[in-house]
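Take a look at the structure set out below.
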Amino acid sequence: MTPDLIYGFTGVAVFAIGLVGALCAQDRLRRVLALKLCSVGAGFMLVVGAWREPPAAPDPVPHALVITGIVVMVSATAVALALIRRLQSLEAEDDR
Amino acid sequence: MLELVAASLIGLGAVFFIAGTVGLLRFPDIFCRLHALTKADGLGLALVALGVALLSGSMGDAFRIGLIWFFVAVASATCSHLIARYARASGEAVSDD
Amino acid sequence: MTDPLVIFDLLLAASVVALAVAVLGVRDLFAAIVLFVIFGLLSALSWVRLSAPDVALAEAAIGTGVTGALLLKTLHHLRFVSGTLDQQAALSVTPLLPVPGAVIWANAAFCGLITLGLAAAFLGAPQAGPGFDPLVADAMPQSGVEHPVTGVLLNFRAYDTLMEVVVLLAAVIAVWQIERGMSDAPAPVMGEVWQGFARLALPAIVVVGTYLLWVGAEAPGGAFQGGAVLAAVGLLLLLTRAYVPRPAHRGIARGAFVLGTGAFAAVALLVAGGGRVAFEYPPEHAKSLILLIEGLVTISIAITLAALFHGREPVALSTQGGRNDT
Amino acid sequence: MTVEFDPMTLAIFMPLLGAIAAFLLPRVAAFIGLVTLVLTAAVVVLLAREVLSEGAIILPLGGWGAPLGIDLRADGLSVAMLALTCIVGFLVSLAALDSLKGDAQARQRQYFWPLWLLLLTGMNGVYLSTDIFNLYVMIEIIALAAVGLTVLSGSKAALRAGLEYMYASILGALLFLMGVGFIYLQLGRLDFAGLINADSSLALSAALALMIIGMFLKTALFPLHFWLPAAHANATAPASALLSGLVVKAALYIFLRLTTYMPLPDEILVTLIGILGAGAVVWGGIQALRAERLKMLVAWSTVVQIGLIFVAFARAGQVGLAESWKAAALLILAHGVAKAAMFLSAGRIKDEIGHDLIRDLDRSSVRPTLAQFTFALAAISLIGLPPSLGFIGKWSLMEGAMAAGYWHWIAVTMAGTLMSIAYFSRVFAGFLRFDRVRTPVTEHQGWAYADAAPLTLAAGAIALGFFAAPILSFIEIGYPFGVAP
């Protein structure tokens with residue numbers, strides 16, 4: 001049992017959980033959370049792929065890619081949340 | 001010898017963390033839980049940090065660990081205050097038992 | 001004889017998965033967000049175990065910290081507009097159309113199949129297989145920095161990184177475009193303890209952020225982590241109302257958003273020539289160019305992230321809340 | 001020191017710098033946008049000349065070269081896509097100049113240009129990229145800018161559709177990212193060249209499946225099209241034209257590239273893709289027949305056309321795949337030009353009449369003749385009547401299918417054609433105002449950019465049919481379909 005094996009399966013599981021959430025969630029905010037889970041799952045795969053048996057240093061390229069992925073995801077999340085906020089405001093205005 | 005002292009400090013810290021966690025799960029209302037959390041975690045973290053600082057073996061690292069402890073302590077105290085404040089403002093009940 | 005760390009790994013992995021389930025399963029949205037933050041921090045811890053401290057820093061600062069702040073702000077706003085701000089636990093405040101049970105089960109089965117397939121594929125892939133390591137090791141001396149991840153981000157794959165900053169720019173433009181004419185949820189009153197904490201924390205965060213940027217050339221850290229930590233300063237300033245964005249600041253904000261992207265793009269283009277192509281920094285200037293780009297990009301990232309948190313473009317008070325400023 | 005600008009770099013940087021300038025100077029954003037588009041088009045012309053004389057060209061950014069660095073590569077197909085994007089983009093911009101000129105649209109105008117130029121940056125980046133992670137970043141730029149454009153009007157319907165679009169886009173991109181992870185696990189590199197020589201393995205199949213599903217989601221192949229009609233129908237006209245004409249093509253292009261570099265393992269899979277395409281043709285056709293609003297009908301027709309492109313892709317099965325790619329590429333170009341024209345003219349009709357209900361088209365007192373004429377011209381290409389480019393695309397599809405004896409794909413194509421005649425006829429019937437004239441007719445007043453641009457596009461969609469042969473031979477430069485002679 002090496003860390004890459006353990007965390008590799010973690011990544012697959014987290015991605016799949018996020019996928020279920022993204023497809024089934026009945027709440028707008030929860031769907032954003034689910035998508036964020038998916039992105040962490042994908043991040044796990046790349047970090048696991050970069051891992052080498054300890055004395056050896058890990059591959060830096062996937063690390064850089066995951067950092068990029070994290071920044072990209074926070075941008076997408078911000079836009080999705082802005083959409084949710086505005087939409088909810090408009091819908092609430094109509095209710096009143 | 002140093003290692004033994006460090007290990008026992010970390011162990012003691014862990015006990016405080018466990019106690020804090022149990023308190024968080026078992027206590028009846030939000031204020032009691034905060035009490036368990038802040039008291040236990042504050043001391044627990046201090047003990048763990050002290051143990052790790054002893055193990056680190058360099059003044060620079062020990063200083064940094066001290067800084068981390070300081071900021072975590074300040075931040076967690078502030079957070080607890082904010083949570084308690086919010087809970088009181090929103091009329092969270094204090095349980096009687 | 002099993003390595004005790006394996007037990008730690010297994011426990012950590014199990015917690016990460018359990019938290020992921022809990023994020024989606026728990027009924028209260030506030031609880032879901034808090035669980036998500038814990039999930040993010042434990043994921044970052046797993047990545048430390050996989051010897052990826054840079055990624056862990058970025059995930060903790062941006063993926064969890066900034067994202068968590070964005071989510072909480074959104075929840076606050078949603079509870080405000082739905083009039084449930086005073087209630088204890090607002091459950092689902094943003095219901096979509098109910099999904100039929102059959103669809104949910106079909107989706108779950110589909111995802112289960114995907115999981116099995118992916119797990120099998122993961123097992124089938126070569127473990128710790130081929131990678132970029134030898135190439136990076138060869139190229140590092142010419143990169144101008146000592147830390148490989150920074151070398152990849154700002155030299156070997158600088159194009160990706162530029163485009164990543166462009167994504168941030170696109171996000172802030174889109175957010176300014178989307179949010180308009182909304183009434184603001186009242187900011188919670190935080191009290192004196194909080195003000196005191198902010199006074200103490202602000203300079204410390206500035207120091208930490210700058211340190212992370214500066215250390216990025218030779219150790220874990222860099223523009224994105226430093227920028228995210230500096231963005232926390234912006235968040236604190238916005239939350240304590242020490243800084244209130246005014247319409248007059250729009251121009252400055254626009255300039256700050258594009259500063260990093262513009263400088264990065266300009267440097268990338270201007271180094272071309274004399275047989276070199278875009279992004280090919282002359283080796284003797286590589287370090288200073290990378291530092292210049294990193295510094296400016298950090299400023300942009302910090303201000304952009306803070307602006308994403310603040311949401312809409314600062315508007316004049318007279319049109320605030322009006323619906324006709326389309 | 002002289003600085004040399006390479007056309008490939010400029011094709012990506014020009015719109016980026018334009019977007020920055022347009023964001024900084026909102027008052028002159030429109031001017032900056034048009035200048036940028038003209039300059040980008042000029043760069044693409046330079047690039048096309050270079051590709052014509054030298055074949056495929058590769059630019060190693062940063063001088064590192066793949067796999068460590070990122071290479072840009074231009075061949076016939078990518079330059080054709082760049083040209084499509086620039087030309088359609090320029091004409092749509094001209095139309096936008098007109099349709100966003102009112103005071104009420106001041107805010108839309110201010111944000112339209114930076115978002116559109118960022119979108120252009122992303123699309124040009126996709127067409128020139130040879131690195132799958134870079135493709136991921138590019139599709140995220142496209143997604144954010146496209147969602148921003150979708151909700152430009154700020155109406156509730158547009159915001160709802162935009163949110164759905166956002167979810168679909170992020171999920172598609174994340175599926176793609178997971179695929180990138182698996183490719184790295186298996187191969188340890190992420191450039192196209194590394195994919196070509198790879199032996200097939202379970203991890204690679206998983207990666208390919210994830211990435212293809214992600215692209216299906218982003219390009220809205222049936223049954224993953226659920227987000228498209230509302231998003232495209234509720235956006236403002238220029239945004240709809242860009243989204244439907246250009247944006248979905250980026251994901252399609254990535255799909256084409258992926259299947260070139262990582263051959264699909266099985267004929268069953270190819271057939272499955274064809275069946276999904278056929279499903280899109282039939283289901284989209286039915287929905288278009290039932291649509292109540294003109295823009296909704298046009299959006300459903302996009303679903304149909306996307307399905308048709310996948311049928312074209314699938315029809316050749318294992319043998320002669322290269323031929324089917326060509327048919328697909330032609331259909332992509334044809335649809336890009338014609339659909340942009342159609343959405344612009346539909347937007348014009350809506351503006352002039354004040355609504356876009358199909359059943360009330362013939363009751364209005366205003367008669368937007370030019371827009372209606374443009375709509376009809378664009379429909380000719382979309383239906384696939386000769387001599388339009390759409391006809392050539394469909395014809396080469398059917399020709400190939402006949403030669404290979406795949407009669408079922410011919411049946412699907414014919415059914416799609418008949419249905420498209422049927423649903424476009426609903427609109428034409430409205431244009432012709434047979435007997436339900438209730439009010440005196442007011443003729444449309446004069447020319448406008450907003451009419452000239454779609455008319456040019458629609459005429460182009462038909463005229464390009466005459467140039468199908470040179471277009472095809474240009475697309476083949478650099479063997480984008482992986483087949484050396």
Side-chain angles (χ1 to χ4, degrees), chain A residues 1 3-10 12-21 23-30 32-34 36-37 40 43-44 47-48 50-54 58-61 63-64 66-68 70-79 81-86 88-89 92, chain C residues 6 9-10 13 16-17 20-21 23-24 29 32 36 43 46-47 49-52 54-55 58-59 62-63 66-67 70 74 77-78 81-82 92 94-96 99 104 107-108 111 114-115 118-119 122 128 131-133 136 148-149 152-153 157 160 164 167-168 171 174-175 178-179 182 224 308:
Chain A
M1 285 284 244
D4 61 337
L5 210 58
I6 297 171
Y7 292 116
F9 286 117
T10 313
V12 170
V14 169
F15 183 82
I17 293 165
L19 201 58
V20 177
L23 296 176
C24 305
Q26 307 195 4
D27 183 288
R28 284 174 184 153
L29 209 55
R30 189 87 56 151
V32 176
L33 283 172
K36 180 67 202 162
L37 291 186
V40 173
F44 260 103
V47 174
V48 162
W51 187 80
R52 304 285 181 264
E53 198 71 41
D59 186 350
V61 174
H63 290 180
V66 180
I67 293 175
T68 306
I70 290 170
V71 176
V72 166
M73 195 58 202
V74 80
S75 315
T77 310
V79 174
L81 291 178
L83 276 170
I84 292 176
R85 288 198 293 263
R86 171 120 163 98
Q88 208 81 8
S89 295
Chain C
V6 167
D9 285 335
L10 283 173
V16 167
V17 175
V21 174
V23 166
L24 298 179
L29 261 179
F36 165 76
S43 308
S46 326
W47 292 346
R49 281 287 300 137
L50 290 165
S51 34
D54 299 85
V55 186
E59 170 66 21
I62 306 174
V66 178
T67 309
L70 280 168
T74 305
H77 183 90
L78 299 187
V81 296
S82 66
S92 188
T94 58
L96 296 169
V99 182
I104 291 185
N107 283 339
C111 294
I114 286 188
T115 318
L118 291 185
F122 172 67
F132 296 95
D133 346 28
V136 174
V149 176
V152 174
L153 273 175
R157 284 183 159 258
D160 266 353
E164 165 187 1
V167 173
L168 265 177
V175 168
I178 291 163
E179 287 208 11
M182 281 173 20
F224 293 102
L308 288 178

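Within every chain, numbering begins at 1; the chains are lettered A, B, ... in the order of the sequence lines, protein sequences first and strands thereafter.
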Point to revise | Contacting moiety of C/Leu168, where chain A heavy atoms sit under 4.5 Å | key: both

Practice item. Heavy-atom distances under 4.5 Å only: say whether C/Val21 touches chain A with side chain, backbone, both or neither. Key: both

Check your understanding: Looking at A/Thr68, A/Val74, A/Val72, which one has more heavy-atom pairs under 4.5 Å with chain C than the rest?
Key -> A/Thr68

Revision key, fill the gap. In terms of heavy-atom contacts, A/Arg30 and C/Val23 come closest through NH1-O, 3.0 Å

Exercise for review: Please name the pair of heavy atoms, one in A/Arg85 and one in C/Leu78, separated by the smallest distance, quoted to 0.1 Å.
Suggested key: CA-CD2, 4.3 Å

Exercise for review: Looking only at non-hydrogen atoms, find the nearest pair between A/Val12 and C/Ala119 and report the distance.
Suggested key: CG1-N, 4.0 Å

**Study point:** Verdict with supporting geometry, A/Leu23 and C/Cys111, side-chain contact (heavy atoms from CB on, under 4.5 Å)
**Key:** CA-CA 9 Å; A/Leu23 296 176; C/Cys111 294; 3.9 Å; yes

Practice item. Apply side-chain contact (heavy atoms from CB on, under 4.5 Å) to A/Ser89 and C/His77, showing your working. Key: CA-CA 9 Å; A/Ser89 295; C/His77 183 90; 2.9 Å; yes

Practice item. For chain C, find which of A/Leu81, A/Leu83, A/Leu19 contributes the most heavy-atom pairs closer than 4.5 angstrom. Key: A/Leu81

Practice item. Please state whether the side chain, the backbone, both or neither of C/Ala174 comes within less than 4.5 Å of a heavy atom of chain A. Key: side chain

Study note, to complete from the structure: One should read off an interatomic distance between C/Thr115 OG1 and A/Phe9 CZ, to the nearest 0.5 angstrom, of 12.0 Å

Revision key, fill the gap. Applying a strict 4.5 Å limit to non-hydrogen atoms, the region of A/Tyr7 in contact with chain C is side chain

Check your understanding: Which pair of non-hydrogen atoms, one from C/Phe122 and one from A/Asp4, has the smallest distance, and what is that distance?
Key -> CZ-O, 3.6 Å

Exercise for review: Among A/Val71, A/Thr77, A/Val14, single out the residue with the greatest number of heavy-atom pairs under 4.5 Å to chain C.
Suggested key: A/Val71

Check your understanding: Is it the side chain or the backbone of C/Arg49 that comes within 4.5 Å of chain A heavy atoms, both, or neither?
Key -> both

Exercise for review: Output the option from C/Ala58, C/Ser51, C/Ala108 having the highest count of non-hydrogen pairs under 4.5 Å with chain A.
Suggested key: C/Ser51

**Study point:** From CZ (A/Arg28) to OG1 (C/Thr74), nearest 0.5 Å
**Key:** 13.0 Å

Review point. At what distance, to the nearest 0.5 angstrom, does CG of C/Asp9 lie from CG of A/Leu5?
Key: 11.0 Å

**Study point:** Contact check, side chains of A/Ile67 and C/Ile62, non-hydrogen atoms, under 4.5 Å
**Key:** no

Point to revise | Contact leader toward chain C among A/Gly18, A/Pro3, A/Ala34, A/Ala13, where contacts are heavy-atom pairs under 4.5 Å | key: A/Pro3

Revision key, fill the gap. Pair count under 4.5 Å, heavy atoms only, with chain C: among A/Val66, A/Val40, A/Val20, highest is A/Val40

Check your understanding: Quick one: are C/Val16 and A/Phe44 in side-chain contact, heavy atoms under 4.5 Å?
Key -> yes

Practice item. Quick one: closest heavy-atom pair of C/Val81 and A/Ala92, and the distance? Key: O-CB, 3.4 Å

Check your understanding: Contact part of A/Phe15 toward chain C, heavy-atom cut-off under 4.5 Å: side chain, backbone, both or neither?
Key -> side chain

Study note, to complete from the structure: A/Ile17 and C/Ala20 have their tightest heavy-atom pair at CG2-O, 3.8 Å

